[in-house]
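One-based numbering, in listed order, for ligands and for the atoms of each. Along the sequence shown, residues carry numbers from 1.
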Amino acid sequence: MVGTRPNMMKIAPIAAELGRRADEFEHVLVHTGQHYDREMSEIFLEELGVGEPDYSLGVGSGSHAQQTAAVMERLEPVLLEAEPDVVLVPGDVNSTLAAALTAAKLLLPIGHVEAGLRSFDRTMPEEINRIVADQFSRLLFIHSPEARDNLLAEGCPEAGIHDVGNTMIDSLVAMRDRIDAAAAPEKHGLSAGEYLVVTLHRPALVDGPLLAEAMSQLAALSEALPIVFPVHPRTRAALEALAIDLDRDRLKLLDPIGYVEFLSLVASSAGVLTDSGGIQEETTYLGLPCFTLRSNTERPVTVSMGTNTLLGLDPARIAEVPSLLEAARKKEARIPPLWDGKASERIAEVLASALDEPVEQLGQALG
Ligand code: UD1
């Protein structure tokens, strides 16, 4: 199942691996349509080589309840028809929650890719989605050490936890040559190592008064450091509602861009300012400074081991980015264990042995 932009990078390498082992696995890809603009959706499936989904549910936008209900209503007949042995759900978006609930009600075993992440902040919709998906999943695929502790603390059985590594990093490794060849900075008139990439899209930041402050801080910062900011549709709508139009030579506001172009911009940047989850991981893998404009992170390994710095939900701190960049360059950072491009292979191995179990044990192992 995929629903949103970040889901694509988490599932694409698993789909590719299952495809390579077609004598053992048959897989069906369901796209809920939570994201539907080409730049938020199809472009990723194309670039990552996944191809057309087998089912497109076309749920689109709506309130949390509407979106969740629409996915459940439309996914149920698909699962009844496909009769899968396992339903794989990635990440923490509304489609993840809805797919997990639907499969759980049909007594279908669930595998959660990116299990165990916790911000411990239930005002984040994603936190609720993660907790529910993990509670109903019997295969919990984790990619950082604290995920195991979080799952055990919530009573998830240890036998279901599989430390497989990070499938989002699998996508990055698989696409690395294309990313390096894309030369996106030149296309946008930017010099390698001399600009900041910005992404902001979370409701806590963009759906309230903090957005205007963040934009004026970015405008001031761009005098010292050019900025490129691909703008999420949610953020674009908020900027329009506030009548903020700051697009200028040194603060470039772009429409959403594809995976290869985005990571090409990131890979050659001086650093990234973001409120995204996945970008904290990608920058840690690339060894690039990341400044996270949030009060917490469900990905603490990117701070303790990687290149991430939590700034808090405080746009005033954007002014500190030049000095923080200096400090970040001196920080010793490492790539977390198993973020090596092989997570999908490990997931396929776990699936193969789980599916090999005799039917009565499969029930215990999976659901
Ligand atoms: C969703 C996820 C969030 C994830 C983000 C990645 C939830 C609760 N949130 O947030 O965790 O970080 O995806 O992007 O699931 N829109 C478009 N075109 C699209 C998609 C959205 O214009 O293709 C606009 C619509 O106005 C929509 C709004 O963006 O109402 C928000 O979309 P939605 O999918 O509800 O949440 P995101 O903010 O994208």
Short side-chain donor-acceptor distance under 3.5 Å, T199 and T274: yes

Mind listing the N or O contacts between ligand 1 and protein, cut-off under 3.5 Å?
unit_1, atom_1, unit_2, atom_2, d
ligand 1, 11 (O), E126, OE2, 2.4
ligand 1, 12 (O), H201, NE2, 2.8
ligand 1, 13 (O), H35, NE2, 3.3
ligand 1, 14 (O), H232, NE2, 3.1
ligand 1, 15 (O), Q34, NE2, 2.9
ligand 1, 15 (O), N94, N, 2.8
ligand 1, 18 (N), D37, OD2, 3.1
ligand 1, 23 (O), Y36, N, 2.8
ligand 1, 23 (O), D37, N, 2.9
ligand 1, 30 (O), S61, OG, 3.4
ligand 1, 34 (O), Q34, NE2, 3.1
ligand 1, 34 (O), H35, NE2, 3.4
ligand 1, 38 (O), R234, NE, 2.7
ligand 1, 38 (O), R234, NH2, 3.4
ligand 1, 39 (O), H35, NE2, 2.7
ligand 1, 39 (O), H232, NE2, 2.9

Got a list of side-chain donor-acceptor pairs under 3.5 Å for residues 182-193, not counting sequence neighbours?
unit_1, atom_1, unit_2, atom_2, d
K187, NZ, E261, OE1, 3.4
K187, NZ, E261, OE2, 3.0
H188, NE2, E261, OE2, 2.7

Under-4.0 Å salt bridge between R148 and E158: yes

Verify same cluster id: F25, L88 (apolar side-chain graph, 4.5 Å): yes

N-O pairing of D255 and R38 below 4.0 Å: no

Donor on one side chain, acceptor on other, N94 and Q34, under 3.5 Å: no

